[in-house]
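All of these numbers come straight from a predicted model, not from anything done at the bench. Note that the numbering runs from 1 along the sequence shown for the chain.
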Amino acid sequence: MHDAPTAAPPAPLAPEPEPLSHGLKQRHLTMLGLGGVIGAGLFVGSGAGIAVAGPGIVLSYLIAGALAMLIMRMLGEMSAAMPASGAFSVHAERALGRWAGFSVGWLYWFLLVVVLAVEASGAARIAHGWAPGVPQWTWVLLFMVVFTATNLAAVKNFGEFEFWFAALKVGAIVLFLALGVLAIGGWLPDTSPVGMANLTGQGGFLPAGWGGVVSGVLAVVFAFGGLEVVTIAAAESRDPARNVARAVRSAVWRILFFYVGSILVVVTLLPWTSMEPGESPYVAVLDAIGVPAAGQIMNVVVFVALLSALNANLYGSSRMVFSLAERGEAPAGLLKVSGGGVPRRAVLASVAFGFVSVLLNLAWPDSVFLYMLNAVGAVLLFVWALIAVSQLRLRRRIEREAPEKLTLRMWGFPWLTWTALAAMAAVLVLMLADEGTRPQVLWSGGATAAVLAVAGAREWRQHRKM
């Protein structure tokens, strides 16, 4: 009779020092935290949410934003205690085992490199509109080459690009809020006070009831994706624990203010019935208050937002696959680091798959690429759920073994963590019940199941060797 194998001891809380550069500054992380979730999903995609929820979309954004804030706080707590280039993938491995780190790392990498194609193609469409003589594929190639070069150079180049990209997005939101408040008060030329007519007319504040608010949550929750990159980037700053805590603290409330504030301006100034899915409500507002060339101005902002997301996703995907390689969960050849501390092979591996995704998007947008996009449609929720479960497990352990590392604490632990998990489960159930979003859940569930099966097979093979 054989003795049962002894369970492997949990991984130590303190990770090995990263071989990567430490070229990111506090201002880079702070602006990355602020600008990371301000993208085309807000500037353009918010129109679809307004169309289904009416003015009640403000509540939808409050609910989705509150969930994103909780996830950000959990991530901040773990990253401040255990900064690592793999961030939540490393946390999942330490909390739940290798299978969890492997699964969440590869799922997130797949999500980023597929979405990267959407961003490159979207930016190329805008650029093609400005220069119709240049084919769309040429713009895609140009963007991919430029940002590959940026990510292959020193990490401070990535930080500078993202700092100015984010600064422009944040500046655009602040200016929009200022103009919107002046227009609501009737303090702009040729305007009069708006009052509450658009919030209470056309069916009232909740024209589709609470069902509309829920549908709005489904339409907008994924716009908050992208906040995770700041915790990945923190590992490449001089003082990761302190910097990520400061970035999270400064970003959380401001993100909610920017999102909810700007949407409140939109539905106060314009009747919600005038919104068209696929068209930017921000352009409609700027047109209504008489801003010249509003469409072109917003095109520039959306263009920058797409390039910013492209840059951040290439960075995040390369660091995630590098971290997987560090832990033996990806080919060891990806561990090659340049003299400047950049994982160049990891960057090239990520951009190579990104190029494939772009080609599929250009060639078969309604078939092959659509299936890939559906396969990552709900993956962000699975990633967030593993972040929450990891935080539940690790918080107790950190309190027991290294309480001094808890420089940033999750609010209302453990009740708010459980609340976030319940909210994510509810979103998944609602997506399954909705015909439009059901394929995303099913395809994403299939992709997740496939990765989990590979992780399980690796664990089983490992135990066989013991």
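Listed for the Arg438 side chain is no donor-acceptor partner under 3.5 Å among the backbone atoms of Met431. Between the side chain of Asn157 and the main chain of Ala153, no donor-acceptor pair closer than 3.5 Å is present. Under the 3.5 Å distance criterion, the side-chain polar atoms of Arg409 are left unmatched by any main-chain donor or acceptor of Glu77.
Close placement of the Phe88 and Tyr108 rings is indicated, their centers lying within 6.0 Å of each other. Taking the six-membered ring for Trp and the full ring otherwise, Phe303 and Phe143 have centroids separated by under 6.0 Å. Note: Trp418 and Trp415 fail the aromatic proximity criterion, with ring centroids not under 6.0 Å apart.
For the residue pair Glu160/His28, the side-chain donor-acceptor check at 3.5 Å is satisfied. Between the side chains of Arg327 and Ser323, at least one donor N or O lies within less than 3.5 Å of an accepting N or O. There is a side-chain donor-acceptor pair under 3.5 Å between Ser121 and Asn361.
Considering all non-hydrogen atoms of both residues, Arg395 and Met410 come closest at NH1-N, 3.7 Å.
Applying ring-ring contact (aromatic ring centres under 6.0 Å, His included) to Phe224 and the options Trp384, Phe258, Tyr259 leaves one that passes, Tyr259.
Once rounded to the nearest 0.5 Å, the distance linking CG of Leu116 with CZ of Phe355 reads 9.5 Å.
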